[in-house]
*Asks:* 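Can you read through this structure? Questions will come right after.
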Amino acid sequence: MRILIAEDDAALAGFVCQGLQGEHYAVDVVEDGEQARAMGSEFDYDLVILDLNLPKLDGVSVLRHLRLKRPSLPVLVLTQRIKVEDRVLCLETGADDYLPKPFSFSELSARIRALLRRSHLPSESVLVVEDLKLDRVEHRAERAGCRIDLTAKEFSLLEYLMRNAGRQVSRAMIIEHVWNLTFDTTTNVVDVYINYLRRKVDDGHPRKLIHTVRGVGYELGGEAGVPR
């Protein structure tokens with residue numbers, strides 16, 4: 001799951017970002033409304049956490065824009081504004097939830113999970129490839145009924161591979177989506193993390209799911225016995 005945080009308080013944004021990454025979300029942070037409007041429209045986020053008091057463009061304006069461009073995108077307003085009229089305005093403009101500051105991170109996390117459960121069909125929230133299963137909302141992975149313990153980055157990588165099951169994906173595609181970076185031909189970070197995943201996903205199973213595609217990158221699933 002990929003979340004956009006629009007928050008101009010750097011310390012608070014960092015706190016929320018770190019907490020969400022610890023729960024296996026991929027997180028991007030922007031500090032003004034213009035960035036929030038652009039990235040929320042351009043990239044495929046599963047949820048937006050939106051402050052109202054943003055520089056350059058206020059949060060309500062961002063919300064109106066996102067509702068036009070991405071009507072089904074869940075938006076959780078996180079703000080210091082506690083007046084009833086502010087809450088009503090945001091909800092009538094299209095916010096899916098409204099949480100005033102100060103807040104408990106555990107409550108924020110629970111509200112996010114609730115929004116994601118409501119906004120994703122079961123087939124989208126739970127990815128299945130053969131006997132490999134990944135619950136994107138509960139952040140749980142298992143193979144043949146056995147739990148797989150993954151780091152946040154390993155979870156994001158496996159999610160990306162499973163969402164593209166049967167499709168060959170390049171190292172550049174992986175590093176851009178999972179690490180939010182431009183591909184550097186000198187780095188082997190993708191290969192390192194693929195090896196981590198192989199040990200956790202494939203070791204001990206006769207049917208290997210993660211394949212190397214020479215000259216391209218990697219593929220999860222695919223035809224058994226096809227040379228890789």
Side-chain angles (χ1 to χ4, degrees), residues 1-7 12-13 15-30 36 39-52 59 62-63 66-79 87-88 90-165 177-178 180 201 220:
M1 294 284 183
R2 195 179 188 92
I3 295 177
L4 176 66
I5 299 173
E7 172 61 64
L12 178 59
F15 166 73
V16 175
C17 178
Q18 184 176 14
L20 293 178
Q21 287 176 336
E23 295 188 346
H24 296 173
Y25 294 105
V27 183
D28 293 328
V29 178
V30 294
M39 292 188 65
S41 303
E42 181 178 354
F43 296 101
D44 187 21
Y45 289 104
D46 294 286
L47 183 137
V48 174
I49 298 174
L50 180 66
D51 184 24
L52 296 182
V62 174
L63 179 58
L66 292 180
R67 277 294 154 260
L68 290 173
K69 297 294 184 179
R70 302 280 307 280
S72 63
L73 174 64
V75 178
L76 186 156
V77 172
L78 186 65
T79 179
R87 189 188 304 263
V88 170
C90 288
L91 293 174
E92 289 186 341
T93 304
D96 297 277
D97 201 353
Y98 192 104
L99 182 61
K101 303 172 185 175
F103 61 94
S104 161
F105 180 81
S106 60
E107 181 181 1
L108 174 64
S109 178
R111 286 172 180 256
I112 288 171
R113 289 194 299 272
L115 288 176
L116 292 175
R117 280 194 297 269
R118 293 199 296 268
S119 65
H120 286 78
L121 297 174
S123 59
E124 295 175 326
S125 62
V126 180
L127 305 177
V128 179
V129 177
E130 298 189 19
D131 60 349
L132 178 64
K133 178 179 176 181
L134 185 141
D135 190 319
R136 301 174 65 211
V137 175
E138 299 299 327
H139 306 112
R140 180 183 179 93
E142 59 182 47
R143 183 165 185 189
C146 296
R147 179 74 176 263
I148 304 172
D149 291 322
L150 300 171
T151 66
K153 198 60 69 178
E154 290 167 352
F155 190 95
S156 296
L157 175 56
L158 182 59
E159 178 186 3
Y160 182 69
L161 292 174
M162 292 183 72
R163 289 182 71 179
N164 292 277
H177 182 90
V178 178
N180 297 326
V201 171
L220 188 140

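Since the structure is predicted, the reported quantities are computational estimates derived from the model, not experimental observations.
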*Asks:* Under 4.0 Å between a Lys/Arg side-chain N and an Asp/Glu carboxylate O for Arg117 and Asp135?
*Replies:* no
*Asks:* Crowded around Gln18 CD? As in, over 12 foreign heavy atoms under 6.0 Å?
*Replies:* no
*Asks:* So Val48 and Arg70, side-chain contact (heavy atoms from CB on, under 4.5 Å) or not? Walk me through it.
*Replies:* CA-CA 11 Å; Val48 174; Arg70 302 280 307 280; over 6 Å; no
*Asks:* State whether the side chain of Lys153 and the backbone N or O of Val178 hold a donor-acceptor pair below 3.5 Å, judged by distance alone.
*Replies:* yes
*Asks:* Does a salt bridge link Arg163 with Asp44, judged by any charged N lying under 4.0 Å from a carboxylate O?
*Replies:* yes
*Asks:* Would you say the side-chain atoms of His139 pair up with the backbone N or O of Phe155, donor to acceptor, closer than 3.5 Å?
*Replies:* no
*Asks:* Donor-acceptor check, side chain of Arg118 to backbone of Arg113, threshold 3.5 angstrom: yes or no?
*Replies:* no
*Asks:* Between Thr79 and Asp51, does the side-chain contact (heavy atoms from CB on, under 4.5 Å) criterion hold? Intermediate values first, please.
*Replies:* CA-CA 5 Å; Thr79 179; Asp51 184 24; 3.9 Å; yes
*Asks:* So Leu158 and Leu220, do their side chains get closer than 4.5 Å, heavy atoms only?
*Replies:* yes
*Asks:* Apply side-chain contact (heavy atoms from CB on, under 4.5 Å) to residues Ile49 and Leu99 and explain how you reach the verdict.
*Replies:* CA-CA 10 Å; Ile49 298 174; Leu99 182 61; over 6 Å; no
*Asks:* State whether the side chain of Asp96 and the backbone N or O of Leu76 hold a donor-acceptor pair below 3.5 Å, judged by distance alone.
*Replies:* no
*Asks:* Going through the checks in order, is the side-chain contact (heavy atoms from CB on, under 4.5 Å) test met by Arg136 and Asp46?
*Replies:* CA-CA 10 Å; Arg136 301 174 65 211; Asp46 294 286; 3.4 Å; yes
